[in-house]
Amino acid sequence: TLADLSIVKTVSPAQVAAGQQVTYTLQVANAGPSVARQLITVTDVLPAGLSWPGPGSATGDGWACSYVAADRTVTCTRGTDLAAPAAPGNDPIEADPITLVLDVDPDAGPATIVNAADVDSPTNDPDLTNNNDEVPVVVVDAVNISLTKSHDGAEPVTAGTPTTFTLRVTNAGPSDADSVDWRERF
């Protein structure tokens with residue numbers, strides 16, 4: 001018995017600001033010639049720069065998904081068989097897709113993060129080259145920096161005497177500000 005499983009992974013958006021979320025769609029299909037027997041397993045090890053937001057982040061009709069923080073692995077299993085095409089040459093039979101919503105770490109940009117997923121089943125697979133797919137996402141920095149300056153000394157300031165000012169720099173994000181430079185002209 002042979003079942004040619006495949007997986008196709010897509011990402012939206014293809015460019016994301018660090019500190020935002022990105023959505024992956026994982027589409028599993030069976031090109032046959034036989035039924036792919038359960039448990040069909042999809043595994044996605046999260047690369048650096050991506051984080052698991054929490055329960056409900058991986059969903060798909062007919063799929064049971066979980067996350068193991070120790071090895072940063074999302075695992076989705078399908079508890080039913082996946083049918084084969086009725087005849088050779090017909091389009092593969094697709095399972096319902098898995099949607100995976102992940103956080104892009106605030107300090108992840110600027111970078112390109114490549115995320116991969118694998119599919120497997122107990123049924124022998126004649127073509128393992130399509131059991132893995134990876135997709136890049138371009139991570140850019142998006143910062144919202146503000147500066148406030150306040151005078152902490154007595155008013156009015158007498159000429160020739162020192163006075164104190166407080167500067168407060170704030171970043172409303174969503175990305176970490178990689179380097180902030182402040183200059184003032186007197």
Side-chain angles (χ1 to χ4, degrees), residues 7-28 41-77 94-119 132-186:
I7 189 166
V8 174
K9 185 172 196 169
T10 57
V11 64
S12 178
Q15 179 174 302
V16 64
Q20 298 293 311
Q21 288 190 323
V22 65
T23 300
Y24 292 94
T25 302
L26 292 75
Q27 183 64 65
V28 174
T41 304
V42 171
T43 306
D44 188 326
V45 178
L46 303 187
L50 296 178
S51 295
W52 177 255
S57 298
T59 59
D61 204 24
W63 295 95
C65 299
S66 62
Y67 177 70
V68 176
D71 58 6
R72 299 179 46 82
T73 301
V74 178
T75 303
C76 296
T77 54
E94 293 183 339
D96 286 318
I98 298 167
T99 301
L100 180 58
V101 179
L102 299 174
D103 289 337
V104 179
D105 297 342
D107 62 353
T112 298
I113 298 174
V114 178
N115 188 7
D118 300 288
V119 65
N132 175 281
D133 196 22
E134 61 183 35
V135 62
V137 62
V138 175
V139 180
V140 296
D141 282 335
V143 298
N144 183 3
I145 295 185
S146 61
L147 173 73
T148 56
K149 181 178 177 181
S150 60
H151 177 245
D152 298 333
E155 294 282 344
V157 177
T158 305
T161 61
T163 191
T164 304
F165 290 91
T166 299
L167 301 175
R168 182 186 226 27
V169 179
T170 306
N171 177 15
S175 307
D176 286 356
D178 294 327
S179 59
V180 177
D181 189 22
W182 171 75
R183 293 187 180 119
E184 184 171 11
R185 287 172 99 143
F186 293 99

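One is the number of the first residue; the rest follow in order along the sequence.
Residue pairs satisfying the salt bridge (Lys or Arg N to Asp or Glu O under 4.0 Å) criterion with at least one member in residues 41-54, sequence neighbours excluded, are listed as follows: Lys9-Asp44. Under the side-chain hydrogen bond (donor to acceptor under 3.5 Å, both in side chains) criterion, no residue pair touches residues 59-70, with sequence neighbours excluded.
Scored by the side chain to side chain contact (heavy atoms under 4.5 Å, CB included) test, Thr164 finds Asp152 as partners (sequence neighbours excluded). Residues meeting the side chain to side chain contact (heavy atoms under 4.5 Å, CB included) test with Ile145, sequence neighbours left out: Val143, Val169, Asn171, Ala177, Val180.
Two residues are said to be in side-chain contact when any heavy atoms from C-beta on lie closer than 4.5 Å; Val45 and Val74 fail this criterion. Annotation: side chain of Val135 is not in contact with side chain of Val114 (no heavy-atom distance under 4.5 Å). Taking 4.5 Å as the limit, every side-chain heavy atom of Asp118 sits out of range of all side-chain heavy atoms of Ile7.
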Using residues 104-113 as the side-chain source, report each donor-acceptor pair under 3.5 Å to any protein atom, sequence neighbours left out, with the distance given to one decimal.
unit_1 : atom_1 : unit_2 : atom_2 : d
Asp105 : OD1    : Ser51  : OG     : 2.5

Please output the side-chain donor-acceptor pairs of residues 10-28 that fall under 3.5 Å, not counting sequence neighbours, one pair per line with the distance.
unit_1 : atom_1 : unit_2 : atom_2 : d
Gln21  : NE2    : Asp103 : OD1    : 2.9
Gln27  : NE2    : Ala95  : O      : 2.6

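With hydrogens and angles disregarded, a donor-acceptor distance shorter than 3.5 Å links the side chain of Arg72 to the backbone of Pro47. Without hydrogens or angle criteria, Thr73 side chain to Asp71 main chain gives a donor-acceptor distance under 3.5 Å.
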TODO: Show your working on side chain to side chain contact (heavy atoms under 4.5 Å, CB included) between Val101 and Trp52 and close with a plain yes or no.
DONE: CA-CA 8 Å; Val101 179; Trp52 177 255; over 6 Å; no
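Interatomic distance, NE2 of His151 versus OG1 of Thr163, reported as 2.5 Å (0.5 Å rounding).
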